[in-house]
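Just so it is clear, the structure is predicted and the values come from calculations on it, not from any experiment. Just follow the structure's listing: the first ligand is 1, and inside any ligand the first atom is 1.
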Amino acid sequence: MIRDPEHEKMPRKQLEELQLKRLQAKVKEVYEKVPFYRRAFKEKGVTPDDIKTLADLKKLPFTSKLDFRDNYPYGLMAVPLEKVVRIHSSSGTTGKPIVAPYTAADVDMWAEVMARSLASAGMTKHDVMQNAYGYGLFTGGLGFHYGCERLGATVIPTGAGNTKRQIILLQDLGTTVITCTPTYAFILNETAKEMGVDLRETKLRLGICGAEPWSEQMRKDMEEKLHISAINIYGLTEVIGPGVSVECEHKNGMHIWEDHFLVEIIDPGTGEPLPYGKEGELVITTLTKEAQPVIRFRTRDITNLSVEPCKCGRTMVKMARITGRSDDMLVVRGVNVFPSQIESVLLEVEGVEPHYLIVIDRRDVFSAEDLEIWIEVSEEVFSDEMQKMERLEKKLRAEMDSVLGISARIKLVEPRTIVRTEGKAKRVVDRKELPNSGLITK
Ligand code: AMP
Ligand code: ZN
């Protein structure tokens, strides 16, 4: 369902006029109110008056995760703290956490884009949504919560974890929609099975999953195992949290709510903007956020944009599934490899579970040699004869070789060797850290 047709179906020309107007105002605002941006603009020799068209966006400096760290905690804010009604935070990859302050208007805008997103995913006010994203500092829990209430549907704020209780509530309260990370959807299914519950026999019909990379094969697997339709949703703390983009019923790319988020794709190496259709790093400028607007934020997420008209009638561009993060990329003997590619190979092969770990011997940040992939096999395969395991291992090795162009060692491990996470899964680990990583059960 289209919640806000005026914006979601706005003719592109009109949308671009709206974006330009909002961009000019926001750029002026951060220039006046945030010393960090004023300095960065000056270094690039650009002033707000230089933004005459949307193409002028490329004259502005980028913002990175590092800038968040350097200006921790309140250095990027454009309003006084007394205007802030809430603060979220994400752990970031190193050092200080990332801080995300919201004004009342920001919370309202977020609830609205989330309500739009849930509607786009196929939810209506008649649904009962069990929200198994983590509540607290993480944006997932409250982001979905507010969106659901705004839509007028029923939210059950279980948060992540306590999986057995989740299954009981899901059955008893007639949950129709589950919202959680893709990893957690599989944990729910496993636990249900252990409890003798078949999720296919419940009222569950829809899953809205995101916050971590997953693949098309994983979607198929989830849809079959849980007997649901699974929808991909994307967002990030620095920008707003979940609700930046989401799929419609056609499931071929996530519509970006471009009246609030202006997007570009750049070459991660050179920083040059790339045309629609080309794969590169997603860069986002917030057009309406008050407390902490971001200008040209480098997400590190690799995707491509499509402006082709969608059958749903929305005019907003679609971003493809995230294929990796530019800082997650492994360079194995000169070949670029993303964990997501490894995952897609695994999911094509019968008898293996979507639980895996990439064990590397890291020599420096971006290179990895002697790649070893730990893969869990299903109970059936594991209890079968040795020969079958060997055949499977050989098959996986050959597939990796032909699809990724790398030869990796394959280590088949018994069910439940790899620890299940309730939040985002960690897939790459240095061999030295493995014993104390908490990622394996023994
Ligand atoms: P955080 O700010 O901690 O919520 O993390 C945001 C990051 O999670 C994004 O930059 C992406 O790398 C990842 N992420 C969020 N949603 C998705 C999704 N649907 N597919 C792939 N990665 C995602
Ligand atoms: Zn669509």
Q | Close-contact set for ligand 1 against Gly235 heavy atoms, below 4.0 Å | A | 6 (C), 9 (C), 15 (C), 16 (N)
**Q.** Proximity of Asn232 to ligand 1 by residue part, where a heavy atom lies under 4.0 Å
**A.** side chain
Q | Atom indices of ligand 1, in the order listed, that fall short of 4.0 Å to a heavy atom of Ile322 | A | 20 (N), 21 (C), 22 (N)
Q.
So which atom in Thr288 and which in Asp106 form the shortest heavy-atom distance, rounded to 0.1 Å?
A. O-OD1, 4.3 Å
Q | Residue that, paired with Thr299, satisfies side-chain contact (heavy atoms from CB on, under 4.5 Å) out of Val263, Leu282, Val244 | A | Leu282
(Q) How far is atom 14 (N) of ligand 1 from the closest protein heavy atom, and which atom is that? (A) Ala211 C, 3.5 Å
Q: Count the heavy atoms belonging to other residues, nucleotides or ligands that lie under 6.0 Å from NZ of Lys44, then report whether that count exceeds 12.
A: yes
Q) Just going by heavy-atom distances, which of Val246, Leu236, Asp301 is nearest to atom 10 (O) of ligand 1? A) Asp301
Q: Apply salt bridge (Lys or Arg N to Asp or Glu O under 4.0 Å) to the pair Arg116 and Asp259, showing each step before the final yes or no.
A: CA-CA 12 Å; Arg116 257 194 219 179; Asp259 47 337; 2.7 Å; yes
Q. Where the Zn ion (ligand 2) is the centre, what is the SG-to-SG angle for Cys248 and Cys312, rounded to 10°?
A. 120°
(Q) Can you name the atoms of ligand 1, numbered from 1 with element, that are less than 4.0 Å from a heavy atom of Gly210? (A) 19 (N)
Q) How about His250: does one of its N, O or S atoms come closer than 2.8 Å to the Zn ion (ligand 2)? A) no
Q: Using a strict 4.0 Å cut-off to heavy atoms of Phe138, name the atoms of ligand 1 that fall inside it.
A: 4 (O)
Q | Lys125, NZ atom: more than 12 neighbouring heavy atoms under 6.0 Å | A | no
Q: Heavy-atom distances under 4.0 Å are what count here, so tell me which part of Ile233 touches ligand 1: side chain, backbone, both or neither.
A: backbone
Q: Check Ser90 against ligand 1 and report side chain, backbone, both or neither, counting heavy atoms closer than 4.0 Å.
A: side chain
Q. Going by the order shown, which atoms of ligand 1 are within less than 4.0 Å of some heavy atom of Thr237?
A. 1 (P), 2 (O), 3 (O), 4 (O)
Q: Quick one: sort the Phe41 and Tyr37 rings into parallel, tilted or perpendicular, breaks at 30° and 60°.
A: perpendicular
Q.
For the 3.5 Å polar cut-off, considering only N or O atoms, please tell me whether Glu212 and ligand 1 meet it.
A. yes
(Q) Taking side chain to side chain donor-acceptor pair (under 3.5 Å) as the criterion, tell me which of Thr181, Asn232, Asp221 meets it with Trp214. (A) Asn232
**Q.** OH/Tyr146: more than 12 non-hydrogen atoms of other groups inside 6.0 Å
**A.** no
(Q) I need the NE2(His255)-the Zn ion (ligand 2)-SG(Cys310) angle, rounded to 10 degrees. (A) 110°
Q | Donor-acceptor contact below 3.5 Å, side chain Lys26 vs main chain Val294 | A | no
Q: Considering heavy atoms of the protein only, find what lies nearest to atom 7 (C) of ligand 1 and give residue, atom and distance to 0.1 Å.
A: Lys424 NZ, 3.9 Å
Q) What distance do Lys225 atom NZ and Arg200 atom CZ have between them, rounded to the nearest 0.5 Å? A) 10.0 Å
